[in-house]
Amino acid sequence: MNFKIKIKEKEYSIEILEEEKDVKIKVGDKEFSFASSNNKSKQSLVPQMSIPKRDFSKKEVKAPIAGALSQIFVSEGDVVKEGQKLFTLSAMKMENEIVAEKEGKIKKILFKLGDQVKEGDVLITLV
Amino acid sequence: MNIKYFESITSTNEVARDINKPWTVIVAREQMGGHGKGDAHWYSPEGGLYFSIILPKTDLRNLETVTILTAFIISKIIKEQFNIEPFIKLPNDIYINNKKVCGILTQNVVQKEVKHSVIGIGLNTNIDKFPSELNATSLKLETKKEIDNEFILNLVVKELKKQFK
C-alpha cells in the first residue's frame with residue numbers, strides 16, 4: 001500500500017510491502033525492513049555448564065529502550081517491592097512504565113526528570 | 001473477538017491495564033480522561049471510536065514497529081472505505097485536511113521483559129462538532145455520512161492481528 005506523509009511541510013512517499021514474515025517500508029528510495037514477528041531463533045552460545053551465576057544486573061535498573069524520563073515514581077533511599085513502578089520512559093511512539101525486577105533499596109537515581117537516556121543506560125542503582 | 005464495552009470510563013488504556021488476555025478489546029462510548037502521550041487530553045465525547053487492544057507479549061522493538069504500522073493501517077482503512085486522503089504525522093497522529101482525526105498511544109509495562117502492552121486508539125468518527133481551540137475533524141464531518149464504529153473497529157483489529165502472525 002502507498003501513502004504520502006507530511007513532516008514539516010515536506011511530503012514523503014511511503015510504500016509498505018509484506019514479504020513473508022517481514023514488513024518493508026520504502027520511504028522515497030530508502031528501504032527499511034522490520035521483522036513483524038519474533039522469528040529470530042534463540043541461540044545458546046555456551047553449552048549448559050555449571051558455571052556459578054553472578055547476576056550483577058539485579059543491583060541496577062537499565063533503560064530497556066531510548067527515551068525521555070517522563071515520570072519518576074521513587075526517591076533515593078526508598079525501599080521498593082518487586083513489580084513496583086519506578087519510572088516512565090517515553091519514546092516517540094510509546095510510553096514504557098518500568099517496574100522493579102526485585103525488591104531492594106534505591107541507592108542512587110542517576111538521571112533527572114526530562115532527561116533523554118540511551119538504551120542500556122543505568123538509571124537506578126540498588127543496594 | 002473478545003470485546004468489552006463500557007459506557008463512560010476514564011480511558012480505555014487505563015481499564016486495559018488490568019486485563020492480560022491478548023486481543024481483548026476495550027471500547028468506551030465516551031472517555032472522561034482520554035489522553036495522548038504525557039498529559040495531552042484527547043477530546044472523547046460520545047460518537048467517537050475509542051478503544052484499546054491488549055497486545056500479545058513481544059519485545060519493545062516489535063512494539064515500536066506495530067505502533068507505527070497501526071497508523072498506516074488506520075490510514076489505509078480511511079482511504080479505502082471513505083476515499084479520503086489522510087496524512088500521517090509521525091509518529092502516530094492522522095490528519096485529514098490538516099485537522100487531527102486519530103491519535104494512537106501504546107503503553108507498556110516493562111520488568112526485564114515486556115509484561116503488559118496495550119495500544120489505544122482514538123478515532124473521531126461520528127463527532128459533529130469540536131471545541132474551536134481543537135484543530136480536529138471527524139470522519140462524519142468529512143464524509144457527511146454516519147460511520148459504523150463497530151465495522152471500523154473490527155477492520156483495525158483484523159489488520160493488526162496480521163502483523164503478529
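Per chain, numbering begins at 1; letters A, B, ... match sequence-line order.
Counting only heavy atoms from C-beta outward, the side chains of M94(A) and L105(B) never approach each other to under 4.5 Å. Counting only heavy atoms from C-beta outward, the side chains of Q107(B) and N96(A) never approach each other to under 4.5 Å. Inter-residue side-chain proximity for I16(A) and L69(B) is flagged as met; some heavy-atom pair is nearer than 4.5 Å.
Residue K140(B) qualifies as enclosed at atom NZ: its count of foreign heavy atoms under 6.0 Å is above 12. The 12-atom threshold is not exceeded at CE of M32(B), counting heavy atoms of other residues, nucleotides or ligands nearer than 6.0 Å. Residue E15(A) places its CD atom among more than 12 non-hydrogen atoms of other residues, nucleotides or ligands, all under 6.0 Å distant. Annotation for K161(B): atom NZ counts as buried by contact number, over 12 foreign heavy atoms lying within 6.0 Å. The number of heavy atoms from other shown groups lying within 6.0 Å of NZ (K79(B)) is above 12. Atom CG of N135(B) has more than 12 neighbouring heavy atoms from other residues, nucleotides or ligands inside a 6.0 Å radius. Within a 6.0 Å radius of CD in E103(A), other residues, nucleotides and ligands contribute 12 heavy atoms or fewer.
When heavy atoms are compared at a cutoff of 4.5 Å, E119(A) approaches chain B solely by way of its side chain, counted from C-beta outward. In this structure, chain B has heavy atoms under 4.5 Å from both the backbone and the side chain of I98(A). For E11(A), the part sitting under 4.5 Å from any heavy atom of chain B is the side chain, from C-beta outward, and nothing else. The parts of L63(B) that come within reach of chain A are both its backbone and its side chain, each placing non-hydrogen atoms under 4.5 angstrom from that chain. Of the atoms belonging to I14(A), it is side-chain heavy atoms, and not backbone ones, that fall under 4.5 Å from chain B. At a 4.5 Å heavy-atom cutoff, N13(B) makes no contact with chain A through either its backbone or its side chain. Residue S75(B) touches chain A through both its backbone and its side chain, counting heavy-atom pairs closer than 4.5 Å. Proximity to chain A (any heavy atom under 4.5 Å) is restricted, for P86(B), to the backbone atoms N, CA, C and O.
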For side-chain contact (heavy atoms from CB on, under 4.5 Å), just list the numbers for V99(A) and V110(B), CA-CA rounded to whole Å, side-chain angles, deciding distance to a tenth of an Å, and then say yes or no. CA-CA 6 Å; V99(A) 301; V110(B) 186; over 6 Å; no
Apply side-chain contact (heavy atoms from CB on, under 4.5 Å) to the pair K115(B) and E97(A), showing each step before the final yes or no. CA-CA 10 Å; K115(B) 273 186 76 185; E97(A) 187 182 296; over 6 Å; no
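In this structure, the separation between CD on Q84(A) and CD on Q111(B) is 11.5 Å, given to the nearest 0.5 Å. From L90(B), atom CG reaches atom OH of Y12(A) across 9.5 Å, with rounding to the nearest 0.5 Å. The CD1 atom of I25(A) sits 6.5 Å away from atom CD1 of I68(B), with the distance rounded to the nearest 0.5 Å.
With hydrophobic clusters built from ILVMFWY side chains whose heavy atoms lie under 4.5 angstrom apart, I152(B) shares a cluster with I104(B). Tracing side-chain contacts under 4.5 Å through hydrophobic residues (I, L, V, M, F, W, Y), one reaches L55(B) starting from V156(B); they form part of the same cluster. Linking ILVMFWY residues whenever their side-chain heavy atoms come closer than 4.5 Å, directly or via other members, places V66(B) and I53(B) in the same cluster.
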